[in-house]
Amino acid sequence: MRIIRSLAVLSLAAAAAATFAATPNAGKAGAARIKDAATTVTYTTKAKVALYYSPSFGGVIHSKGIAAVSTPSTGIHCITPSIAVDLTKVTPQVTVDWNLSSGFALLAYTKDTSAFTDCPAGDLEVTTYDFNAGGTPVLSNVVAFNFVLE
């Protein structure tokens, strides 16, 4: 009986691995599978504003509280929230999404838009960099990220 259970668990694991086989290097077919999966999954979070974004795979994957996202230049991502945001009371958080990014030395961070920004007033900004395998960082559009504002 234990052998049958073990085989069932291994079979489920193999099916799950096949389901999530789409990788950043899977080309347009992999991107289509990711985009199709994104449209069928409900994005639930307690955050007021949330964004799962990949410039390489069509832009917005999931979002909540987002009116628009634009990339006015390489590595500069402007997020227009659909709700009022007071940055004196909350701190945006951003992380690199390694699954949909290309590279190994990547960075994503938010800018304090009240001090300096490349985005229109009222937008939130995420800036992404590629360190080129340990070299000088350059603005990059190969960095996918998750952005949250609670």
Side-chain angles (χ1 to χ4, degrees), residues 9 12-150:
V9 169
L12 287 173
T19 301
F20 296 105
T23 64
N25 297 321
K28 291 185 181 191
R33 284 195 303 272
I34 291 168
K35 200 71 166 160
D36 288 344
T39 58
T40 60
V41 176
T42 303
Y43 194 45
T44 57
T45 177
K46 292 181 181 180
K48 295 174 186 171
V49 176
L51 175 66
Y52 181 15
Y53 188 79
S54 174
S56 300
F57 287 97
V60 176
I61 305 295
H62 297 293
S63 69
K64 178 182 177 186
I66 302 289
V69 180
S70 64
T71 304
S73 61
T74 302
I76 307 295
H77 310 283
C78 301
I79 303 166
T80 308
S82 61
I83 62 169
V85 173
D86 182 356
L87 291 178
T88 64
K89 296 182 180 178
V90 293
T91 303
Q93 301 170 32
V94 65
T95 58
V96 171
D97 178 78
W98 296 99
N99 185 44
L100 296 182
S101 295
S102 297
F104 300 101
L106 307 174
L107 172 69
Y109 72 91
T110 61
K111 274 189 184 175
D112 180 354
T113 56
S114 63
F116 176 79
T117 184
D118 296 304
C119 295
D123 279 11
L124 307 167
E125 183 177 337
V126 172
T127 307
T128 54
Y129 286 90
D130 184 344
F131 283 82
N132 294 318
T136 303
V138 294
L139 288 165
S140 174
N141 279 345
V142 299
V143 183
F145 60 87
N146 288 289
F147 175 88
V148 177
L149 185 63
E150 297 182 340

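Just the heavy atoms: all of them, side chains too, but no hydrogens, waters or symmetry mates, feed the values below. The first residue in the sequence is number 1, and the count goes up from there.
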Decide yes or no on side-chain contact (heavy atoms from CB on, under 4.5 Å) for Lys111 and Asp118, but give the supporting numbers first.
CA-CA 9 Å; Lys111 274 189 184 175; Asp118 296 304; 3.0 Å; yes
[X]: partners by side chain to side chain contact (heavy atoms under 4.5 Å, CB included), with sequence neighbours left out:
X      : value
Thr74  : Leu139, Asn141
Glu150 : Ala47, Val148
Thr110 : Pro92, Val94, Val126, Phe147
Leu107 : Tyr109, Tyr129, Phe131

With a 3.5 Å cut-off and sequence neighbours excluded, list the donor-acceptor pairs that the side chains of residues 79-90 form with protein atoms.
{"from": "Thr80", "atom 1": "OG1", "to": "Asp123", "atom 2": "OD1", "distance (Å)": "2.9"}
{"from": "Thr80", "atom 1": "OG1", "to": "Asp123", "atom 2": "OD2", "distance (Å)": "3.3"}
{"from": "Ser82", "atom 1": "OG", "to": "Gly65", "atom 2": "O", "distance (Å)": "3.3"}
{"from": "Asp86", "atom 1": "OD1", "to": "Thr88", "atom 2": "N", "distance (Å)": "3.0"}
{"from": "Asp86", "atom 1": "OD1", "to": "Thr88", "atom 2": "OG1", "distance (Å)": "2.5"}
{"from": "Asp86", "atom 1": "OD2", "to": "Thr88", "atom 2": "OG1", "distance (Å)": "3.2"}

Do Phe145 and Val96 have side chains that get closer than 4.5 Å, going by heavy atoms?
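The answer is no, as the side chains (C-beta and beyond) never meet within the 4.5 Å cut-off.
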Got Tyr53 and Asp97 here, is their nearest side-chain heavy-atom distance under 4.5 Å?
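No; the side chains remain at least 4.5 Å from each other.
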Rounded distance (nearest 0.5 Å) linking atom CG of Asp130 with atom CG of Leu106:
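Interatomic distance, Asp130 CG to Leu106 CG, rounded to 0.5 Å: 5.0 Å.
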Roughly how far apart are Phe104 CZ and Asn132 CG, rounded to 0.5 Å?
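Going from the CZ atom of Phe104 to the CG atom of Asn132 covers 13.0 Å.
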So, Thr127 and Glu125: side-chain donor and acceptor under 3.5 Å apart, yes or no?
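Side-chain D/A pair, Thr127 to Glu125: present.
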Should Ile76 and Thr71 be marked as a side-chain contact (heavy atoms from CB on, under 4.5 Å) after you check the CA-CA gap, both sets of side-chain angles, and the distance that decides it?
CA-CA 6 Å; Ile76 307 295; Thr71 304; 5.6 Å; no
Can you list the residues that meet the side chain to side chain donor-acceptor pair (under 3.5 Å) rule with Thr128, with sequence neighbours excluded?
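Scan of Thr128 (side chain to side chain donor-acceptor pair (under 3.5 Å), adjacent residues dropped) gives His77.
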Check: Ser140 side chain, Val142 main-chain N or O, donor-acceptor pair, under 3.5 Å:
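Indeed, once roles are kept as given, a pair shorter than 3.5 Å links the two residues.
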Would you check if the side chain of Ser54 reaches a backbone N or O of Phe57 as a donor-acceptor pair within less than 3.5 Å?
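Judged by distance alone, yes, a pair lies under 3.5 Å.
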Give me the atom names and distance for the closest heavy-atom approach of Ala144 to Pro55.
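The answer is CA-CD, 4.2 Å.
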